[in-house]
Amino acid sequence: MAVSEQMTATGGDAASLAAQIAEVAQTAFMDASQHAMLISAIIAGVTAALMLLTLPKGDKALSAEPGLTLEETEAAHVEADATR
């Protein structure tokens, strides 16, 4: 964009080409942005699907210790807080 502004300032044939250069630069930027956003959305969707499939569910999801239920984990935290 800076080059097209400098070309416009010089006048003549360069000024007529400056508008075309600016338009092409803006179009290229928007195309690249759209592709980057599409790729980011695909990555986010795949990551969300993987998390839904692989993360533990139910009582184990909130458990700090593997194999403990939510109630057992809460009881351990209450006991640890009482000893402090």
Side-chain angles (χ1 to χ4, degrees):
M1 295 304 296
V3 170
S4 67
E5 289 173 8
Q6 290 174 356
M7 290 174 70
T8 302
T10 61
D13 291 335
S16 64
L17 289 175
Q20 292 175 352
I21 290 173
E23 183 180 339
V24 169
Q26 290 171 345
T27 302
F29 178 79
M30 290 306 297
D31 286 347
S33 293
Q34 288 175 349
H35 286 110
M37 287 182 214
L38 177 62
I39 291 169
S40 296
I42 291 170
I43 290 171
V46 168
T47 301
L50 279 171
M51 291 177 75
L52 284 172
L53 295 173
T54 60
L55 289 177
K57 296 165 185 65
D59 288 340
K60 291 183 180 180
L62 299 175
S63 177
E65 296 292 327
L68 294 181
T69 65
L70 178 60
E71 291 79 18
E72 292 169 337
T73 302
E74 287 175 348
H77 283 274
V78 169
E79 186 178 316
D81 287 341
T83 60
R84 287 185 188 167

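All figures in this text were calculated on a predicted structure; none of them were measured in a lab. FYI, the numbering just counts along the sequence from 1.
Other residues sharing a hydrophobic cluster with Leu55 under the 4.5 Å side-chain heavy-atom criterion for ILVMFWY residues are Met51.
A distance of 9.5 Å separates OG of Ser16 from CD1 of Ile21, quoted to the nearest 0.5 Å. Atoms CD1 and CE, on Ile39 and Met37 in that order, are 11.5 Å from each other to the nearest 0.5 Å.
Nearest heavy-atom pair, Met1 versus Ala25, reported as atom, atom and distance to 0.1 Å: SD-CB, 4.4 Å. The heavy-atom pair separating Ala18 from Ser4 by the smallest distance is CB-O, 3.2 Å.
Enclosure of atom CG in Asp13 is not indicated, since only 12 or fewer non-hydrogen atoms of other residues, nucleotides or ligands lie within 6.0 angstrom. A 6.0 Å sphere centred on CD of Glu23 holds no more than 12 heavy atoms belonging to other residues, nucleotides or ligands.
Residues Leu17 and Gln20 form a side-chain contact, since some pair of their non-hydrogen atoms from C-beta on lies under 4.5 Å apart.
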